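Notes follow once the structure below has been shown.
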Amino acid sequence: MTDTTNALTGWSPEAVVFDCDGTLMDTESHWQDARSQVFRDFGIHPAPGFAERAKGVHYIDCGRLMAQEADKPKLAAEMTGSLLRHFMVQVAKDPVTMPGAADFVRRLSGRLPLAVASNCPLQVVESSLDRAGLLGHFEHVVVPSEDNPGGRNGEPVRPKPWPDVYATAARLCGAAPQRALAVEDSMTGIESALRAGLRVVGVGPRPRPEEAARADLWVPALNAPDLSAWVESWPTRGARE
């Protein structure tokens, strides 16, 4: 059960910024399969809990983490390249949206600016959203600057948990960070959004209480009834102007 009464009563955003993996697109299983394949390719057995440690981590940092797990730091670049190749094959074969995500985005589309802030490469984000029929609903897609330079005054856009992707997305949407809402499934992403100054809705299986408390609101999925009721109370874009 969710509770918007205490968390976000009387507040509505001027823009909504979504994470992609695990929030809009059901790609975490693709990342897990890709990581497992890389470990098999290199003959490595990761320590227990690696999947959780890698969740939400930028793929380059994940490659470094995998090399560290293997005690072979010199293989970081090679493992990173292999990880991305395996992942792109997986997501191209099976682009699946998270429960309620497509309907939620379509309900918001046109009511206020929407953006995506992701740690994934721009090509992966745009192609997966396009194949799911969602890309056209977003005015901006922001990823780290390795793929899409675009920080303020040409500054680099660093990956989550740095605040850059969320701060940049809110700015491009024309909203002050404190007037924008982030929608996230990972603690790495939630930390990024909070550091940027956004309010946060966490989505997915409820984490430990101290982690869930980092979000203003936690819902099991984007089709949660009281989340939908709260969204219906928001003014439209025309009413804001």
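Values in this document were obtained by computation on a predicted structure and should not be read as measured data.
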Out of curiosity, Cys173 SG to Arg179 CZ, how far, rounded to the nearest 0.5 Å? 14.0 Å
Val141 vs Leu122 side-chain heavy atoms within contact, under 4.5 Å: yes
Got a second to check how far Leu83's CG is from Glu78's CD, nearest 0.5 Å? 12.5 Å
Would the distance check show the side chain of Arg111 and the main-chain N or O of Val231 forming a donor-acceptor pair, the cut-off being under 3.5 Å? yes
Cys120 vs Val143 side-chain heavy atoms within contact, under 4.5 Å: no
Distance (rounded to the nearest 0.5 Å) between Leu222 CG and Met98 CE: 8.0 Å
Parallel, tilted or perpendicular: which one describes the rings of Phe50 and Phe39, with boundaries at 30° and 60°? perpendicular
For Ala196, what residues pass the side-chain contact (heavy atoms from CB on, under 4.5 Å) criterion, not counting sequence neighbours? Pro163, Tyr166, Ala167, Leu198
Can you name the closest pair of heavy atoms from His58 and Asn119 and give their distance? CD2-O, 2.8 Å
Would you say the side-chain atoms of Glu69 pair up with the backbone N or O of Ala47, donor to acceptor, closer than 3.5 Å? yes
Would you call Pro205 and Pro220 a side-chain contact if the rule is heavy atoms closer than 4.5 Å? no
Distance from Leu75 atom CG to Arg64 atom CZ, nearest 0.5 Å? 14.0 Å
Yes or no on side-chain contact (heavy atoms from CB on, under 4.5 Å) for Ile190 and Trp218, after CA distance, side-chain angles and deciding distance? CA-CA 11 Å; Ile190 288 172; Trp218 200 281; 3.4 Å; yes
Whether Phe138 and Phe18 hold their rings parallel, tilted or perpendicular, with breakpoints at 30° and 60°: perpendicular
Heavy-atom distance under 4.5 Å between the side chains of Thr97 and Asp26, does that happen here? no
Taking Ser192 for the side chain and Trp162 for the main chain, is one N or O donor matched with an acceptor at less than 3.5 Å? yes
Is the shortest side-chain N to carboxylate O distance from Glu211 to Arg206 below 4.0 Å? no
Can you name the one residue among Val142, Leu24, Val165 that meets side chain to side chain contact (heavy atoms under 4.5 Å, CB included) with Val116? Leu24
Hydrophobic cluster membership, Leu135 vs Leu112, 4.5 Å side-chain cutoff: yes
Taking C-beta and beyond as the side chain, do Ser228 and Asn223 meet within less than 4.5 Å on heavy atoms? no
Checking Ser128 side chain against Val124 main chain: does a donor-acceptor pair fall under 3.5 Å? yes
Going only through I, L, V, M, F, W and Y residues with side-chain contacts under 4.5 Å, is there a path from Tyr59 to Ile44? yes
Taken to the nearest 0.5 Å, the spacing of Arg214 CZ from Arg208 CZ works out to 13.0 Å
Main chain of Arg158, side chain of Asp164: is a donor-acceptor contact present, judged purely on distance under 3.5 Å? yes
Residues two or more places apart in sequence or in another chain: which of them pass side chain to side chain donor-acceptor pair (under 3.5 Å) with Ser233? none
Heavy-atom nearest pair, Val17 first then Ala117, reads CG1-CB, 3.6 Å
Scan Leu181, Val201, Val200 and name whichever one has a side chain to side chain contact (heavy atoms under 4.5 Å, CB included) with Asp216. Val200
Does any part of the side chain of Asp185, heavy atoms only, come nearer than 4.5 Å to the side chain of Asp19, both counted from C-beta? yes
Begin with the C-alpha distance, continue with both residues' side-chain angles, and end with the deciding distance and a verdict on side-chain contact (heavy atoms from CB on, under 4.5 Å) for His140 and Leu114. CA-CA 7 Å; His140 306 283; Leu114 303 181; over 6 Å; no
What pair of heavy atoms forms the shortest contact from Ala54 to Cys62, and how long is it? CB-SG, 4.0 Å
Ser118 and Val125 have their tightest heavy-atom pair at OG-CG2, 3.5 Å
Rounding to 0.5 Å, atoms CZ (Arg35) and CE (Met79) come to a distance of 11.5 Å
Chi angles and distances behind the side-chain contact (heavy atoms from CB on, under 4.5 Å) call for Val203, Phe104: CA-CA 12 Å; Val203 59; Phe104 190 73; over 6 Å; no
Salt-bridge contact Glu191-Lys160 (side-chain N to carboxylate O under 4.0 Å): no
For Ser127 and Gln123, which heavy atoms make the closest approach, and how far apart are they? OG-O, 2.7 Å
Test item: Arg195 side-chain N/O and Pro161 main-chain N/O as donor-acceptor pair under 3.5 Å: yes
Side chains of Pro13 and Trp234, heavy atoms from C-beta outward: is any pair under 4.5 Å? yes
Applying side-chain contact (heavy atoms from CB on, under 4.5 Å), run through Ser82 and Arg85 and close with a yes or a no. CA-CA 5 Å; Ser82 181; Arg85 287 192 297 274; 3.8 Å; yes
According to the side chain to side chain donor-acceptor pair (under 3.5 Å) rule, which pairs have a member within residues 36-49, sequence neighbours left out? Gln37-Arg40, Gln37-Asp41, Asp41-His86
Can you get from Val57 to Met66 by hopping between Ile, Leu, Val, Met, Phe, Trp and Tyr side chains that sit under 4.5 Å apart? no
Are Leu217 and Trp11 linked, directly or through intermediate hydrophobic residues, by side-chain heavy-atom contacts shorter than 4.5 Å (ILVMFWY only)? yes
Just so I know, are the side chains of His30 and Met25 near enough to count as touching, which here means a heavy-atom distance under 4.5 Å? no
Determine whether Leu129 and Val96 fall in the same hydrophobic cluster, where Ile, Leu, Val, Met, Phe, Trp and Tyr are linked whenever their side-chain heavy atoms lie under 4.5 Å apart. no
